[in-house]
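This report refers to the structure that appears directly beneath it.
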Amino acid sequence: MSDQLDMFLFDENGILSMPKLTETMEQRISPNQNGLISGEGFTNITTFVYDNVHCLECYCTTESSLGYYYQARLEQGNVTAEKVQHSYFSKSNVKLTSDGNLIIKFDWTSEEKAKSRVKEMIQSIGVELESFKITDGMLRHIQGQYHWTSAKIDQIFKVGDKTKKVSYTIDPSDTDSRSLVDEEYKDHGNMCHLAFEMPFDYEHRHRDTPSLINVKLYREGGHRIVINEDEFGNNGDLNIFQIYLMNELLKIKNESDGM
């Protein structure tokens with residue numbers, strides 16, 4: 001079934017059709033009762049263009065469980081208990097580009113447990129996904145190319161040293177990005193976190209959006225990318241930066257992997 005959907009959504013050049021994707025998602029609109037989301041689906045579907053790449057943005061609503069509880073009942077004078085699952089619906093912001101890349105953004109850490117279900121729903125409409133994985137080599141490549149401010153190394157093995165993991169920061173004003181801790185341990189473990197500044201030279205950016213955006217990458221905990229939305233002057237710049245950052249990280253990963 002997914003192969004048939006792929007042929008429908010993509011053209012002969014492998015470009016994802018935004019009108020067809022929009023039509024498919026609109027058939028699965030999230031139900032609501034007086035504004036309260038009451039089912040899984042997609043909603044607030046819009047499109048925009050950046051650097052000649054078409055992008056669809058929407059919200060994906062998914063069901064999450066709060067666990068099982070025993071609900072007390074009174075039936076014909078008898079007090080009993082019934083096992084009941086309590087659930088709720090959370091949302092995630094989804095962006096799909098015409099070249100087949102996907103960005104899933106969560107506003108709260110507690111929402112991230114829905115990530116697997118969001119991917120399942122995207123795949124169910126015919127878009128095959130391959131997870132983007134942050135690697136030690138990729139983080140070290142970024143560390144050598146950009147101004148970084150903090151890092152973490154785990155799985156340390158150094159003769160005569162019992163240290164297993166270490167986190168460290170540098171003074172943001174230190175343009176050399178030097179750290180004695182980094183120099184001591186960088187060749188003796190795997191880098192699992194890096195915070196750095198990504199240049200954002202978008203010519204139409206809002207006057208309150210800086211030209212350097214703070215980005216945090218985490219290999220541990222699900223290959224997470226964290227940015228602070230308060231750094232952006234408007235929502236348009238935030239959307240554009242997410243696409244820009246995705247493209248830059250894909251290039252960096254290919255370079256670090258020797259592709």
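From a predicted model like this one, the values you see are computed outputs, not experimental measurements.
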Any side-chain heavy-atom pair from [X] and [Y] closer than 4.5 angstrom?
{"X": "E197", "Y": "Y146", "result": "no"}
{"X": "K119", "Y": "I104", "result": "yes"}
{"X": "T97", "Y": "H54", "result": "no"}
{"X": "N235", "Y": "L238", "result": "yes"}
{"X": "I103", "Y": "I225", "result": "no"}
{"X": "L96", "Y": "M25", "result": "yes"}
{"X": "I240", "Y": "R205", "result": "no"}

What distance separates [X] [atom1] from [Y] [atom2], expressed to the nearest 0.5 Å?
{"X": "K164", "Y": "D154", "atom1": "NZ", "atom2": "CG", "result": "11.5 Å"}
{"X": "N239", "Y": "F232", "atom1": "CG", "atom2": "CZ", "result": "9.5 Å"}
{"X": "H223", "Y": "F132", "atom1": "NE2", "atom2": "CZ", "result": "9.5 Å"}
{"X": "F200", "Y": "S211", "atom1": "CZ", "atom2": "OG", "result": "10.5 Å"}
{"X": "F196", "Y": "S150", "atom1": "CZ", "atom2": "OG", "result": "11.0 Å"}
{"X": "Q143", "Y": "L217", "atom1": "CD", "atom2": "CG", "result": "12.0 Å"}

Is the closest side-chain donor-acceptor distance between [X] and [Y] under 3.5 Å?
{"X": "S30", "Y": "K91", "value": "no"}
{"X": "T80", "Y": "N78", "value": "no"}
{"X": "N93", "Y": "K95", "value": "yes"}
{"X": "E111", "Y": "S90", "value": "no"}

task = Determine the sole option in E112, E57, E229 for which the salt bridge (Lys or Arg N to Asp or Glu O under 4.0 Å) test with K105 is passed.
result = E229
Donor-acceptor contacts under 3.5 Å from residues 44-53 side chains, at least two apart:
none

query = Does OH in Y70 sit with more than 12 non-hydrogen atoms of other residues, nucleotides or ligands closer than 6.0 Å?
reply = no
Backbone of [Y] reached by a side-chain donor or acceptor of [X] within 3.5 Å:
{"X": "D237", "Y": "H206", "answer": "yes"}
{"X": "E40", "Y": "E63", "answer": "yes"}
{"X": "K253", "Y": "K133", "answer": "yes"}
{"X": "K115", "Y": "G222", "answer": "yes"}

Do [X] and [Y] sit in the same hydrophobic cluster, where Ile, Leu, Val, Met, Phe, Trp and Tyr count as joined when their side-chain heavy atoms come under 4.5 Å apart?
{"X": "L212", "Y": "V226", "result": "no"}
{"X": "Y218", "Y": "I156", "result": "no"}
{"X": "Y59", "Y": "L102", "result": "no"}

Sole candidate of K152, Q155, R219 that passes side-chain hydrogen bond (donor to acceptor under 3.5 Å, both in side chains) when paired with N190 = Q155
key: Heavy-atom pair of closest approach, residues F106 and S92   = CE2-CB, 3.4 Å
ask   = Parallel, tilted or perpendicular: which describes the rings of Y244 and F241, with under 30° parallel and over 60° perpendicular?
value = tilted
key: Electrostatic pair E220:K165 at N-O distance under 4.0 angstrom   = no
Electrostatic pair K20-E23, nearest N-O below 4.0 angstrom = no
